[in-house]
Amino acid sequence: MSFEPPLVRTAVQVNGFERKLEADARLTLLDALRDVIGLTGTKKGCDQGACGACTVLLEGRRVLSCLTLAAQCDGRQVTTIEALAGDDLHPLQAAFIRRDAFQCGFCTSGQIMSAVALLDEGRAGSDDEIREFMSGNLCRCGAYPNIVAAIRDVAGGRNHDA
Amino acid sequence: MREFAFVRPTNVEQAVELVTGDPDAAYLAGGTTLVDLMKDGVLRPRRVVDIARLPLREVIRTDHAVTVGALTTMEELAAEPVLAERAPVLREALLAGASTQLRNMATIGGNLLQRARCRYFRDPSVRACNKRSPGSGCAAVDESARMHAILGAGESCIALHASDLAVALVALDAVVHLQGTTGTRRVPLTEFYRVPGSTPERENVLEHGQLITAVEIPLPAAGTASGYLKIRDRASYEFALVSAAAVLEIRDGVIHDARMGLGGVGTIPWRAPTAESLLRGARPGTGVFRAAAASAIRDTFTVPGTAFKVALARRTIERALSTVSGGTP
Amino acid sequence: MTPEPRVIGLGLDRVDGPAKVTGAATYTMDVAVAGLLHAALVRSTFAIGTITSIETAQAAAAPGVVAVFTHHNAPRMKKPSWNLITPPPPVPLQDASVHHYGQYIAMVVAETPQQATAAAALIRVEHKAATASLSLDAPALKARSNPYFLDAKRGDVESALAAADITVDATFSTKANAHNPLGLFSTVAYWEGGRLVVHDSTQNPYLIRDSLAKVFSVSKDKVQVLVPYVGGAFGAGLRLWQHVILTAMAARAVGRPVKTVLTRPQMFTGIGHRPATIQRMRIGALRDGTITAIDHEATSTAAKVANVLYPVTLSTPATYRCDNVRGRDRQVRLDIPSPAHMRGPGEAEGNFALETALDEVAYAIGMDPIDLRMRNYAKVHPQTGLAWSSKALDECYRQGAERFGWADRTPRPRSMRDGHWLVGYGMAGVTYGHFQAKCHASLTVRDDGTVLVRSGATDIGQGTYTVITQVAADGLGLDPANVRFELGDTDLPRAPQAGGSGLATALSNAVRDATVNAIAALLSLASADHASPLHGCSARDVVVAGGRIHRKDDASRSETYGAILTRNGRSELTVQGSSAPSRAETGVLLGSLAVSRMGRAGRRLVEATHAIAPAGAFAAHFVEVRVDPLLGRLRVKRMVSAVDAGQVLNEKLARSQIVGGIVGGIGQALFEEITTDEGSGRVSNATLADYLVPVNADVPDIDVVFVGEPDSDNAVGVKGIGEIGLVGVAAAIGNAVHHATGKRLRSLPFTITELMD
């Protein structure tokens, strides 16, 4: 009956720092970030891949960290909400505050990480496009119109720069 | 989640051997089905074989087909320019599925093998599920199931195959490439899935350990119109109540070729050959679309919760045909 | 000195914004303490019956497991105090009986969450189930009449209905909804030498503190509840739930801190839900639009295991001027998990029936729905005849209609179209009740000119951190950057729950009181001080601005708070503030009942008191929908909501709160329904992939406008707006669907099946 599989050694680049884990293979990237590495900005809203609160960037692409095993991320780059701000807030973080794009704030890390990727994907061309491609991030407080406005602000700024 | 060993083989042959030789082993690609169902306690592998880094990620285009490595993600495939040019139905179906985050994870091979969204299948506290525990019965049939199949369904199982992608692929006559320890073979997707019958636990023709390595997608002839219409309660991020993939080649006002895939209705991604033969040779119009729709949705098995899908599916087909053929109903 | 613009009302950014956008805000599930253990809960898989055996040896032997608790070995605990509004469900793991699907029957505590969850799956349970009553239409159910003693009536409804030119008699139903805050409810508990510290996802930390003190037989000052941030709650955090008790129990038993994070499926059974209702609404009217009778009867579900105060018809008698009104509630007790208050509890359901039926009346007599509402406008509180403390619902109708372009509506159903889509305009009005509870705050002025305000309230996203900072800054003439507000801690002055749309009123007035007391205290130092430019001044002789107290007679003579403190050898000064509901609030409730019981004599008696009827917020929602009649698709295209919110404390945040409520209303109208299996009561859609809430693509632009004046019943002039955004949305959407399609939908949520032609 006793089945004790070996711990898995994983080295993940989290926000530019290498993090070595020797962990239960069941450990998800989400739990590794929150419980082992101590980066609790990434949130657990369902742990079933349905809400988007745990969105992080893996190799620059947005993924759900709750359905990603930490072991799958060996040698990979992971970016979380904690990495966005330098001395100043990231433009999306500032826009989220200015547009009041959150209330309880629980889904916010996931919304912002998703929005960072959305802009990179070039999918902020219109409000409808933003709405569609932000629909994987639930917000129960109902801040959606303000989230759209915040992303529009930053996308518009980028277009001006271009 | 039960404990498991995690291994990452370095080539396809090694991966196939590992899983074939261990009845408790499972492939892990994007994880969106496997990890989810392992958490729910529905899938309980003792060995998880991570194949995500195997070299099965190429997209090769010829004049007549696109061959997609099975580990290509849904987002990667959706971004292939050839889809927008030659097979909009495929691009639309890809982008109608799940969310960007999930599409960045989910692979083409994994998408085709996704498990049923049935909440009775996914909850081990429910005893009766023929798919999970063969011979135990079907709890979904007895309850007010709504997100369930009406075609290819029966008392033994009404679980839906919820892939949007597969619906478009069956309409495009895609072929899957399989690799096992004894060699490789090619199976048309229309012959890949099995309706539940008396063995709902068998969802496709794969033997344990066989791996999908690629999907070959014939490209419709130039000038073919296609589109994917997905009906759901929410405007986005929801499985289909009903969906239709329509591929129409219209020459000189006559439907030269027609192919239809249906989603949200079948225990497998559903192809509608009788509707196609009605359409071929006809002039596009409400009458023939309606007849095709009626012929596509026949011999249904409904429970009170799914009865609405009969009319909805027919209307969805009608609208999809009308939109793709460029008309307005 | 020129008066500075008031800080109250300004649309300042959230003060907790930087913490929330950087991931630094610490929610309960983020709390890490040394030696933390993790719990997993096992739930019953049947509705009612007895556990005959529970096998835990395998789980106990699993890797990392520290303890397994069942009813066999769980410590005995006392019942929390009974409370009508938030009655506690029973203490868990005390016996073998099961009262609903999802009841906790075992708890595993282990070193890691993965180990706890895996071990919990190894527990084997045998049970004997009895036949459960699970839904409103279950046979042979007895409904209890007037279960809350709040039924109200005036006049003679039956005679008026008989004499009416037209009558509408319709049955409405609403389904059970799940709160589903994104934040999984979590508890972290640890004991330090007989003292219990609990981090919890609650809207009412004092209730948790007091209840846990009772359960564990310790004094209240030996329990501290901490909740700086909550990942949404919507009413689910208004009660003491069993997982909180279990976490504290386990922490005491194993002598280490324990964390419990509910799973999403557990969120459907463990923290309440909006109960289902069936309602009958009868309205009588004259051809000229005079409503002569309203008879509202509502039956809602409650758990057998714990009652809940859940009146559905409460607002109906207070909504329109009508001589003959009856509001009657009935309650059916089922073998289900306990319902809880969810944003607009009862109000949302009752309003759906009333405002839909009113639209039916408008069509029956061929009158514009707004004209009909204005024709029956309640200029005074219609049940008692008392003057409202404020009411600008007429302005809500007028300005809302104008911004929406209501005049462009062609009234005939199916008369507006856009390609495949039928277009419909609909509206609904909302009269939301007033609620206020006692509240305390402390305020510390420091010699560096900064101010610390403290009160044990919670900010579940409504913006309390920010608006209270503004209220304090306003009262002291300070830049809000110099004010810090601390909350979410039962060691701070006692505040009421964040619920009932009542916290902003209670807390802003308590803090306003504290600012007045602070100025008085500073002034008493300065006034006696010959060296102060404020020597001899009393409160009426001064104004505050720019962080200074100025003489009214000579604004150039002023002094900073810091200077006053320093000269008096003080580094800081702390004062208290408090607020309490006006007597008028109880007066209206008693008055309503007096009219109900004594008829016209009662009404004359109440009117003779010349009291004021404190008003909650009022609103009018306007919505444009698109319906694709072939495929049954329904989309909300745009919305305008006009809200009489009294004194708005922060225009940006208030708008967000209304928008958020509206999004909840869209969910209630279009998607939300908890489905359960016959027999077992299992929730068959207990995930966020299966229980649908609105996504970004479902929500259009929403235009919110605030109208009205500060309310006269409280010093700050506030009205609570936490819930009014949601209430009325379902009726407005349903009325728009009728306009688009000609179909009258009386059951929530609206489904594709009903919408297909």
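Here is the naming used below: chain letters follow the sequence lines, and residue numbers restart at 1 for every chain. These figures come from a predicted structure and were not determined experimentally.
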Is Leu84(A) close to Thr22(C) at the side-chain level, that is, under 4.5 Å between some pair of heavy atoms? no
Within the distance-only criterion (no hydrogens, no angle test), does the side chain of Lys20(C) pair as donor or acceptor with the backbone N or O of Cys104(A) below 3.5 angstrom? yes
Region of Leu92(A) that comes under 4.5 Å of a non-hydrogen atom in chain C: neither
Test item: Lys43(A) and Leu182(C) side chains (from C-beta on) under 4.5 Å apart, heavy atoms: no
Please look at Ala32(C) and chain A and tell me whether the side chain, the backbone, both or neither of the residue comes under 4.5 angstrom of a heavy atom of that chain. neither
Work out which heavy atom in Phe106(A) is nearest to a heavy atom in Gly231(C); give both atom names and the distance. CB-CA, 3.7 Å
I'd like to verify something: which residue of Asn137(A), Ile97(A), Thr80(A), Thr42(A) has the highest number of heavy-atom pairs under 4.5 Å with chain C? Ile97(A)
What distance do Met29(C) atom CE and Thr40(A) atom OG1 have between them, rounded to the nearest 0.5 Å? 10.5 Å
Donor-acceptor contact present, side-chain Tyr144(A) to main-chain Pro694(C), <3.5 Å: yes
Heavy-atom nearest pair, Asp701(C) first then Arg131(A), reads OD1-NH2, 3.3 Å
Is the backbone of Ala50(A) close enough, under 3.5 Å, to the side chain of Arg264(C) for a donor and an acceptor to pair up by distance? no
Heavy-atom pairs under 4.5 Å with chain C are the metric here; pick the option from Cys51(A), Gly142(A), Pro145(A) that has the most. Gly142(A)
Any Gln115(C) side-chain heavy atom under 4.5 Å of Arg26(A) side chain: yes
Under a 4.5 Å cutoff for heavy-atom pairs, which residue among Gln48(A), Met134(A), Glu132(A) has the most contacts with chain C? Gln48(A)
Which atoms of Thr108(A) are under 4.5 Å from chain C, going by heavy atoms: the side chain, the backbone, both sets, or neither? side chain
Considering only heavy atoms, which portion of Val230(C) lies under 4.5 Å from any heavy atom of chain A: side chain, backbone, both, or neither? backbone
Segment of Asp35(A) engaging chain C (4.5 angstrom heavy-atom cut-off): side chain
Leading residue by heavy atom contact count with chain A [cutoff under 4.5 Å; candidates Val699(C), Asn696(C), Ile666(C), Asp30(C)]: Asn696(C)
What part of Pro18(C) gets within 4.5 angstrom of chain A, counting heavy atoms only: side chain, backbone, both, or neither? both
Chain C interface, residue from Arg34(A), Gln103(A), Arg99(A) that has the most non-hydrogen pairs under 4.5 Å: Gln103(A)
For Tyr691(C), is it the side chain, the backbone, both, or neither that has a heavy atom closer than 4.5 Å to a heavy atom of chain A? side chain
Under a 4.5 Å cut-off applied to non-hydrogen side-chain atoms, are Asp13(C) and Asp100(A) in contact? no
Check whether Asp128(A) gets within reach of chain C through its side chain, its backbone, both or neither, counting any heavy atom under 4.5 Å. neither
Heavy-atom closest contact (Gln93(A) atom, Val21(C) atom, distance): NE2-O, 2.8 Å
Side-chain donor-acceptor contact under 3.5 Å, Ser656(C) with Asn146(A): yes
Only pairs of heavy atoms separated by less than 4.5 Å count here; which of Gly38(A), Cys141(A), Cys139(A) has the most with chain C? Cys141(A)
For Leu688(C) and Cys46(A) the tightest heavy-atom approach is CD1-CB, 4.2 Å
I'd like to know which of His179(C), Gln462(C), His38(C) tops the heavy-atom pair count under 4.5 Å against chain A. His179(C)
Winner by heavy-atom pair count (cut-off under 4.5 Å) against chain A, out of Asp459(C), Leu653(C), Thr263(C): Leu653(C)
Beyond-backbone contact of Leu138(A) with Val693(C), side-chain heavy atoms, under 4.5 angstrom: yes
Which residue out of Val659(C), Asp16(C), Asn180(C), Ile702(C) racks up the most heavy-atom pairs below 4.5 Å with chain A? Asn180(C)
Is the shortest side-chain heavy-atom distance between Leu184(C) and Lys44(A) below 4.5 Å? yes
Test item: Arg14(C) and Phe96(A) side chains (from C-beta on) under 4.5 Å apart, heavy atoms: no
Out of Ala24(C), Ala697(C), Pro181(C), return the one with the most heavy atom pairs under 4.5 angstrom to chain A. Ala697(C)
Leading residue by heavy atom contact count with chain C [cutoff under 4.5 Å; candidates Ala101(A), Gly41(A), Gly45(A)]: Gly45(A)
